[in-house]
Amino acid sequence: MKKIQIINGPNLNLLGKREPGIYGQMSFEEYLPQLQARYPDLDISYYQSNVEGELINQMQQVGTPFGSSGGEVVDGIILNAGAYTHTSIALQDCIRSLKCPVIEVHISNIHQREAFRHQSLISCACKGVICGFGLDSYRLAVESLLV
């Protein structure tokens, strides 16, 4: 069974409440069971933190054979780094160290938003980028990890 880890960054715990015109009205906790039901042959796990270092710790734990838990490496990570997308060299460095592919995801189309959101500091380290399809961006990212 393939294992996929979804990691959401800052403020994504507020999905369904925060700016519903941009991010929709459904929380990720409501969406995740739908995604898991669509892919019953996958082990899809979820992690969210508002803290940059905790995101790095989680990616290292599941994305490298030398992770702190000594656990099994996942087959892919889907990362919505939120605002850290535009500011974090530390996330970029972490992604480059992983043994599994990372797909960068955004719910909104970041290129239709404020100019500072047009640049991603993590895209260059990711296998691909999906943005602008609402929560369905996560499904598209799962699909990309299956090919």
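Since this is a predicted model, take the numbers as computed values, not measurements. Sequential numbering from 1 along the given sequence is applied to the chain's residues.
- Considering CG of L91 and OG1 of T85, their distance stands at 8.0 Å, rounded to 0.5 Å.
- Remark: aromatic rings of F133 and Y138 are distant, center separation not under 6.0 Å.
- Put simply, the side chain of E30 gets close to the backbone of S27: a donor and an acceptor are under 3.5 Å apart.
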Between S120 and E104, does the side-chain hydrogen bond (donor to acceptor under 3.5 Å, both in side chains) criterion hold? Intermediate values first, please.
CA-CA 10 Å; S120 168; E104 177 184 345; 3.1 Å; yes
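- Going from atom CG of L14 over to atom CZ of F28 covers 14.5 Å, rounded to the nearest 0.5 Å.
- Taking 4.0 Å as the cut-off between side-chain N and carboxylate O, D136 and R139 count as a salt-bridged pair.
- In this structure, K127 and S144 have side chains that are not in contact, with every pair of non-hydrogen atoms separated by 4.5 Å or more.
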Test side chain to side chain contact (heavy atoms under 4.5 Å, CB included) applied to C94 and Q60, step by step:
CA-CA 7 Å; C94 176; Q60 288 178 354; 3.9 Å; yes
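- Between atom CD of residue Q58 and atom CG of residue N8 there is a gap of 11.5 Å, rounded to the nearest 0.5 Å.
- A distance-only check finds no donor-acceptor pair linking the side chain of D43 to the backbone of K2 [under 3.5 Å].
- By the 4.5 Å heavy-atom criterion applied to side chains, Q5 and Y47 are counted as neighbours.
- For G63 against I77, the heavy-atom pair with the smallest separation is CA-CD1, 4.3 Å.
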What side-chain donor-acceptor pairs closer than 3.5 Å can you find for residues 32-40, not counting sequence neighbours?
| residue | atom | partner | partner atom | Å |
| --- | --- | --- | --- | --- |
| Q36 | NE2 | I44 | O | 2.8 |
| Y39 | OH | E143 | OE2 | 2.4 |

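- Summarising the geometry, atom CG belonging to L12 is positioned 4.5 Å from atom CG belonging to N80; distances are rounded to the nearest 0.5 Å.
- Residues A83 and P10 approach most closely at N-CG, 4.3 Å, considering heavy atoms.
- Contact of the V142 side chain with the I78 side chain is registered, since non-hydrogen atoms from C-beta on lie closer than 4.5 Å.
- Between L121 and S88, the closest side-chain pair of non-hydrogen atoms is not below 4.5 Å.
- Of all heavy-atom pairs between G132 and S137, the closest is N-OG, 4.0 Å.
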For I95 and C126, run side chain to side chain contact (heavy atoms under 4.5 Å, CB included): C-alpha distance rounded to whole Å, both residues' side-chain angles, the deciding distance at 0.1 Å, then the answer.
CA-CA 7 Å; I95 293 165; C126 293; 4.0 Å; yes
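- By the 4.5 Å heavy-atom criterion applied to side chains, M59 and L98 are counted as neighbours.
- Looking at L15 and M26, their side chains never come closer than 4.5 Å, going by heavy atoms from C-beta outward.
- Looking at E29 and Y46, their side chains come closer than 4.5 Å, going by heavy atoms from C-beta outward.
- For the atom pair Q92 CD and I56 CD1, the distance stands at 11.5 Å (nearest 0.5 Å).
- No option in I7, L79, L145, I122 other than L79 meets the side chain to side chain contact (heavy atoms under 4.5 Å, CB included) test with V102.
- With hydrogens and angles disregarded, a donor-acceptor distance shorter than 3.5 Å links the side chain of Y31 to the backbone of L135.
- Under the 4.5 Å side-chain contact rule for hydrophobic residues, L146 and V105 share a cluster.
- Minimum interatomic distance between A141 and I103 (heavy atoms only, all atoms of both residues): CB-CG2, 3.7 Å.
- Counting only N and O atoms by type, the side chains of N50 and E52 include no donor and acceptor under 3.5 Å apart.
- S49 OG to L55 CG: the interatomic distance, rounded to the nearest 0.5 Å, is 5.0 Å.
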